[in-house]
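Right, one structure below, let's go through it.
No experiment lies behind these values; they were computed from the predicted model shown. Heavy-atom basis, side chains included; hydrogens, waters and symmetry copies ignored.
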Amino acid sequence: MGRAFTSLLIRRLMLVLTLVFAAAQPAAAQSILRDSETEQLFDDISKPLIQAAGLDPRSVKVVMINDPEINAFVATGQVVYIHSGLLMAADNANQLQGVIAHELGHVAGGHSIRIYEGAHKAGVIQILSLVLGGLAAAAGAGEAALGAVALGQQVAQGSFLSFTRAQETSADLAGASYLAKAGVSGRGSLEFFKKLQNQEYRLAVYATDSYDRTHPLSSERIQTLKTIYQKDPAWGRAVDPKIEERFQRVRAKLVGYISDPEQVLQRYPASDTSIPARYARAYAYHRQAYRDRALTESDALLQMRPGDPYFLELKGQVLLESGRPQEAIAPLRQAVAAAPDKPMIAAMLGHALISTEQSGNYPEAERVLKAAVNRDNDNPFAWYQLGVIYDRKGDIARAALATAERWNLEGDPKLALTSAETAMKGIPAGTPDYLRAQDIAMVSRAEVEKNRKGGRSK
């Protein structure tokens with residue numbers, strides 16, 4: 001009885017702590033989707049909300065990750081993660097603003113840090129119940145011991161769920177205040193909660209209360225927020241038509257980029273000649289390797305919006321990835337000229353210039369890639385392309401430094417360390433490039449050592 005009960009206690013402890021702390025941990029690393037047009041839209045619609053929350057727009061980022069779930073979350077720091085599934089599910093820009101406002105409530109409230117307080121409290125409750133259960137077992141009261149453990153598990157779980165629901169309610173109310181301060185209608189927020197409510201019904205979530213849930217039920221949230229939103233002077237205010245048009249473009253581009261091409265063509269049939277429809281079809285055709293159809297759509301878009309940098313980027317991308325880099329250069333140059341502050345477009349131009357295999361294009365490639373990483377040094381592809389240029393120039397040390405930057409961004413400390421050490425051997429000591437290589441080497445060495453110790457201890 002004693003040994004079996006001890007084993008049961010251990011299993012119960014591991015189960016509860018796993019459930020509690022898994023809920024408290026940020027979501028696992030997922031694939032980030034980066035697109036200049038999308039990021040600009042996120043920046044523009046979130047800036048007034050960030051300011052209303054009393055935060056610095058330069059410090060808060062809204063990032064999209066490739067995940068089909070209709071969800072958004074905040075991990076550590078001041079980053080709001082929007083799932084691609086949520087963006088595709090939203091009907092308009094106002095709904096997305098409502099989601100962002102809610103997530104900013106988590107950021108301003110420090111919820112990503114405080115979640116560990118709730119997890120710790122729940123863990124303490126469960127551990128105490130295990131101790132009491134152990135004492136009861138030692139006294140020969142086996143059934144009482146099991147009862148103590150089960151009750152402790154229930155109380156711990158209830159404590160943690162109550163904590164997370166309180167955070168969600170707090171974020172709802174904070175988000176409503178940010179929308180009001182920014183003069184943005186809460187209508188989209190309510191519309192999106194109704195979407196979530198419909199999803200709950202489809203999943204047969206018919207609970208009358210949210211006692212055993214991490215979030216309040218959507219019906220509860222709608223009831224709480226409806227009166228607040230409808231009293232606000234901004235309730236009847238429409239979204240800027242230009243913002244709405246940009247939202248529809250971005251959503252269509254995303255649908256074309258990640259959805260099954262056949263589904264894209266069902267959603268945006270050839271009879272639909274609107275800008276969003278052509279945008280979605282262009283990406284769908286490109287993914288199907290229908291180059292001519294993709295180019296037809298991109299040319300039609302440019303006839304509708306001559307000089308649009310993102311349509312020029314699209315045409316350049318289709319040509320480049322279809323093996324026609326020389327033809328891609330012209331539209332990409334135009335795109336960079338029209339949007340000089342968009343480093344990802346510049347990185348694509350650099351790639352096209354290198355892909356021509358013409359040495360005369362390399363100086364321009366080096367110039368635009370340096371400008372790209374200076375504006376956005378978090379782009380591993382741009383660093384890779386810059387490394388290619390240095391290698392072809394025979395500058396092995398700086399090629400190694402660019403490679404170290406790439407591996408550092410991609411989370412491979414071992415390769416980053418090797419490349420940084422190679423760079424330090426060929427770059428004069430004390431120069432900015434040498435000091436950067438030294439910094440990467442120091443950070444990567446520490447990470448490699450930590451991983452080595454962790455692996456050895458398992």
Worksheet item: salt bridge (Lys or Arg N to Asp or Glu O under 4.0 Å) between Lys370 and Glu366: does it pass, once the steps are laid out?
Response: CA-CA 6 Å; Lys370 280 184 175 179; Glu366 181 178 356; 3.1 Å; yes
Practice prompt. Before giving the answer on salt bridge (Lys or Arg N to Asp or Glu O under 4.0 Å), spell out for Asp44 and Arg246 the whole-Å C-alpha distance, their side-chain angles and the decisive distance to 0.1 Å.
Written response: CA-CA 11 Å; Asp44 290 344; Arg246 290 169 59 193; 2.8 Å; yes
Practice prompt. Just do the side chain to side chain donor-acceptor pair (under 3.5 Å) check on Gln97 and Asn94 with the steps written out, would you?
Written response: CA-CA 5 Å; Gln97 287 173 312; Asn94 191 216; 3.3 Å; yes
Item to complete: In sequence, state the C-alpha distance, the side-chain angles, and the governing distance for Glu421 and Arg445, and then conclude on salt bridge (Lys or Arg N to Asp or Glu O under 4.0 Å).
Response: CA-CA 10 Å; Glu421 289 177 338; Arg445 188 177 295 109; 3.1 Å; yes
Discussion item. Show, in sequence, the C-alpha distance, side-chain angles and deciding distance for Leu33 and Ile65, and conclude whether the side chain to side chain contact (heavy atoms under 4.5 Å, CB included) test is met.
Written reply: CA-CA 5 Å; Leu33 292 176; Ile65 60 174; over 6 Å; no
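A donor-acceptor contact closer than 3.5 angstrom is absent between the side chains of Glu364 and Asn361. Between the side chains of Arg187 and Tyr229, no donor-acceptor pair is found at a separation under 3.5 Å. A donor-acceptor pair shorter than 3.5 Å can be found between the side chains of Lys342 and Gln40.
With hydrogens and angles disregarded, no donor-acceptor distance shorter than 3.5 Å links the side chain of Gln263 to the backbone of Ser259. Listed for the Ser444 side chain is no donor-acceptor partner under 3.5 Å among the backbone atoms of Lys414.
Residue pairs that meet the salt bridge (charged side-chain N to carboxylate O under 4.0 Å, His left out) test with at least one member in residues 312-322, sequence neighbours left out, are Asp299-Lys315.
Using bins of under 30°, 30° to 60° and over 60° for the plane-to-plane angle, the ring pair His106/His102 lands in the perpendicular bin.
Counting non-hydrogen atoms of other residues, nucleotides and ligands closer than 6.0 Å to CD of Gln223 gives a total of 12 or fewer. Taking a 6.0 Å sphere around OH of Tyr390, one finds it holds more than 12 heavy atoms contributed by other residues, nucleotides or ligands. The local environment of CZ in Phe42 is crowded, with over 12 non-hydrogen atoms from other residues, nucleotides or ligands closer than 6.0 Å.
Minimum heavy-atom separation, Ala280 to Tyr268: CB-CD1, 3.5 Å. Counting all heavy atoms, side chain and backbone alike, Ala234 lies closest to Ser185 at O-CB, 3.1 Å. Between Ala328 and Gly316 the shortest heavy-atom distance is CB-O, 3.3 Å. A pairwise comparison of heavy atoms in Leu301 and Ile275 identifies CD2-O, 3.7 Å as the closest pair. Taking every heavy atom of both residues into account, Glu244 and Val239 meet most closely at N-CG1, 4.3 Å.
A salt bridge links Arg398 with Asp395: the closest approach of a Lys/Arg side-chain nitrogen to an acidic carboxylate oxygen falls below 4.0 angstrom.
By the 4.5 Å heavy-atom criterion applied to side chains, Ile45 and Ile243 are counted as neighbours.
Phe311 has its ring centre less than 6.0 Å from the ring centre of Tyr279.
Once rounded to the nearest 0.5 Å, the distance linking CG of Leu55 with CD of Gln78 reads 5.5 Å.
Residues that satisfy the ring-ring contact (aromatic ring centres under 6.0 Å, His included) test with Tyr285, not counting sequence neighbours, are absent from this structure.
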